[in-house]
Visitor: 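Structure below; questions to follow.
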Amino acid sequence: MTFHRYVALGDSFTEGVGDPDAARPNGLRGWADRAAAVLAQQTPDFRYANLAIRGRKLEPILDEQLEPALAQRPDLVTMYAGANDLIRPSVDIDLIVERYDEAVGRLIEAGATVVLFTGFDPGGSAVFGKTRGRFAIYNELVREVADRRGATLLDFWRMREYRDWRLWDTDRMHMSSAGHQQMAIAVLDTLGVPHDLKPLPVPAAPRPSKREQLRADAKWAREHALPWMHRRITRQSSGDTVSPRWPQLAPVQID
């Protein structure tokens, strides 16, 4: 299967947070850029846009990104959304999935192949583990949307390789470069696109002492958990001053 116009929608997962690249907009690369580079090599007139912005909840993603995406007449759309809703103190899961379902329907009616994602299983996270039930409910509803609408589903919940923390950034919230590469491979495989991407090397699995682990946990809390909680309390978002990395369809940056 070949594609010509790919638009990526979503939050930090799709923006590429955790996969730094100073030569690209917002200083990030990410799995979507990595997958787009493969698609571009297979189709001479291929164009790519990435509208994702970190911190966005599902409804703002749809409010800000859906119409610009439709206006570019994509034949491929990926959309990851909902995780930022599920980690808030309260969320109406049925309501946000209703809007999600409508948006997926519009994209498919416009002729796009739509790739959806379930959320990752947070059961192993000390901070987000208590939201596991929410994620399980939301994911089942997303699976229903994909079945009903005929969308392509990548079931992140079932990707057990991501239980290896070496695929996650130091903030323990976003994928590392190796994690983004693994996700690009999974997306291409799910679409049935041939490619030669290989997993990136990861460091040897650490075996810290109890004292070393406590120090690492304290450092993580200071540098990542506390700032995240402060933003929640003050109703700020890490994406408040961020713009889409690739707002319009354009040739892909390949390196």
Side-chain angles (χ1 to χ4, degrees), residues 1-54 56 58 60-81 100 102-117 146 149-154 156 175 177 179-198 239 242-255:
M1 183 178 295
T2 59
F3 301 99
H4 300 265
R5 298 179 304 280
Y6 167 32
V7 179
L9 310 179
D11 53 27
S12 59
F13 174 85
T14 302
E15 186 190 349
V17 175
D19 187 14
D21 186 333
R24 294 170 184 260
N26 298 358
L28 301 172
R29 189 177 185 183
W31 67 264
D33 280 24
R34 293 171 181 272
V38 172
L39 296 171
Q41 292 172 345
Q42 301 179 359
T43 308
D45 63 346
F46 182 82
R47 297 293 184 269
Y48 163 60
N50 189 326
L51 308 181
I53 294 180
R54 69 195 73 174
R56 289 295 192 266
L58 189 147
I61 288 172
L62 300 182
D63 292 341
E64 299 168 10
Q65 300 175 25
L66 180 60
E67 295 302 333
L70 287 167
Q72 299 186 65
R73 299 182 298 108
D75 57 11
L76 173 64
V77 173
T78 58
M79 182 163 63
Y80 181 97
Y100 183 88
E102 293 171 357
V104 172
R106 290 189 62 193
L107 290 165
I108 289 178
E109 288 169 6
T113 294
V114 178
V115 179
L116 306 179
F117 302 78
R149 296 292 187 177
T152 299
L153 180 70
L154 200 163
F156 194 15
M175 295 181 294
S177 295
H180 279 279
Q181 177 82 346
Q182 192 70 37
M183 188 58 63
I185 292 170
V187 169
L188 294 169
D189 288 347
T190 298
L191 287 170
V193 174
H195 64 86
D196 59 2
L197 292 186
K198 303 295 182 184
V242 175
S243 299
R245 298 179 54 239
W246 308 107
Q248 300 293 328
L249 287 171
V252 175
Q253 179 176 332
I254 298 177
D255 52 26

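Quick caveat: nothing in here was measured; it's all calculated off a predicted structure. Along the sequence shown, the residues carry numbers beginning at 1.
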Visitor: For Tyr100 and Leu116, work out which heavy atoms get closest and say how close.
Guide: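 It is OH-CD2, 3.3 Å.
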Visitor: For the CZ atom of Arg56 and the CG atom of Leu51, what is their distance to the nearest 0.5 Å?
Guide: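 Between Arg56 CZ and Leu51 CG, I get 11.5 Å after rounding to 0.5 Å.
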Visitor: Measure the CD-CZ distance between Glu15 and Arg245 for me, rounded to the nearest 0.5 Å.
Guide: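 Between atom CD of Glu15 and atom CZ of Arg245 there are 6.5 Å.
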Visitor: When rounded to the nearest 0.5 angstrom, what distance separates CG in Leu154 from OG1 in Thr78?
Guide: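 Reported to 0.5 Å precision, the distance equals 10.5 Å.
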Visitor: Which distance, rounded to the nearest 0.5 Å, do you find between the CD1 of Ile61 and the CG of Asp11?
Guide: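 Rounded to the nearest 0.5 Å, the CD1-CG separation comes out at 4.5 Å.
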Visitor: Just verifying a value: how many Å separate Leu76 CG and Leu107 CG, rounded to the nearest 0.5 Å?
Guide: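 Here the rounded value is 10.5 Å.
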Visitor: Could you walk me through whether Leu249 and Val7 pass the side-chain contact (heavy atoms from CB on, under 4.5 Å) test, one step at a time?
Guide: CA-CA 7 Å; Leu249 287 171; Val7 179; 3.9 Å; yes
Visitor: Can you tell me how far CH2 of Trp31 sits from CG of Leu188, rounded to the nearest 0.5 angstrom?
Guide: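 Leu188 atom CG to Trp31 atom CH2 measures 9.5 Å (nearest 0.5 Å).
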Visitor: Mind checking whether Phe156 and Tyr80 have parallel, tilted or perpendicular rings, split at 30° and 60°?
Guide: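 Because their plane-to-plane angle is over 60°, the rings of Phe156 and Tyr80 count as perpendicular.
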Visitor: Give the minimum heavy-atom separation between Ile108 and Arg149, together with the two atoms involved.
Guide: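 For Ile108 and Arg149, the tightest heavy-atom pair comes out as CD1-O, 3.1 Å.
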Visitor: For residues Ala184 and Ala35, report the shortest heavy-atom separation together with the two atoms involved.
Guide: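 Looks like CB-N, 4.0 Å.
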Visitor: Looking only at heavy atoms, which two atoms of Pro194 and Gly192 are closest? And how far apart?
Guide: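 In terms of heavy atoms, the two residues are closest at CD-O, 3.6 Å.
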Visitor: Are Val77 and Gln65 close enough that some pair of their side-chain heavy atoms sits under 4.5 Å apart?
Guide: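 No - every pair of side-chain heavy atoms lies 4.5 Å or more apart.
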Visitor: Verify the distance criterion only: is there a donor paired with an acceptor across the side chains of Arg34 and Gln181 at less than 3.5 Å?
Guide: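 Yes, because at least one side-chain N or O of Arg34 sits under 3.5 Å from a partner of the opposite role on Gln181.
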Visitor: Show your reasoning for whether side-chain contact (heavy atoms from CB on, under 4.5 Å) applies to Val242 and Arg54.
Guide: CA-CA 8 Å; Val242 175; Arg54 69 195 73 174; 3.8 Å; yes
Visitor: Using modelled atom types only, decide if a donor and an acceptor are shared between the side chain of Gln253 and the backbone of Arg29 within a distance under 3.5 Å.
Guide: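 Checking the backbone N and O of Arg29 against the side chain of Gln253, no donor-acceptor pair under 3.5 Å is found.
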Visitor: For Val252 and Tyr6, run side-chain contact (heavy atoms from CB on, under 4.5 Å): C-alpha distance rounded to whole Å, both residues' side-chain angles, the deciding distance at 0.1 Å, then the answer.
Guide: CA-CA 10 Å; Val252 175; Tyr6 167 32; over 6 Å; no
Visitor: Quick check: closest heavy atoms across Ile185 and Lys198, and the distance to 0.1 Å?
Guide: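 Closest pair (atom of Ile185, atom of Lys198, distance): CD1-C, 3.7 Å.
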Visitor: Looking only at non-hydrogen atoms, find the nearest pair between Ala52 and Asn50 and report the distance.
Guide: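 Nearest heavy atoms, Ala52 then Asn50: N-OD1, 3.0 Å.
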Visitor: Please evaluate residues Phe3 and Leu191 with respect to the criterion side-chain contact (heavy atoms from CB on, under 4.5 Å), reporting the C-alpha separation (whole Å), side-chain torsions for both, the decisive distance (0.1 Å), and the verdict.
Guide: CA-CA 10 Å; Phe3 301 99; Leu191 287 170; 4.2 Å; yes
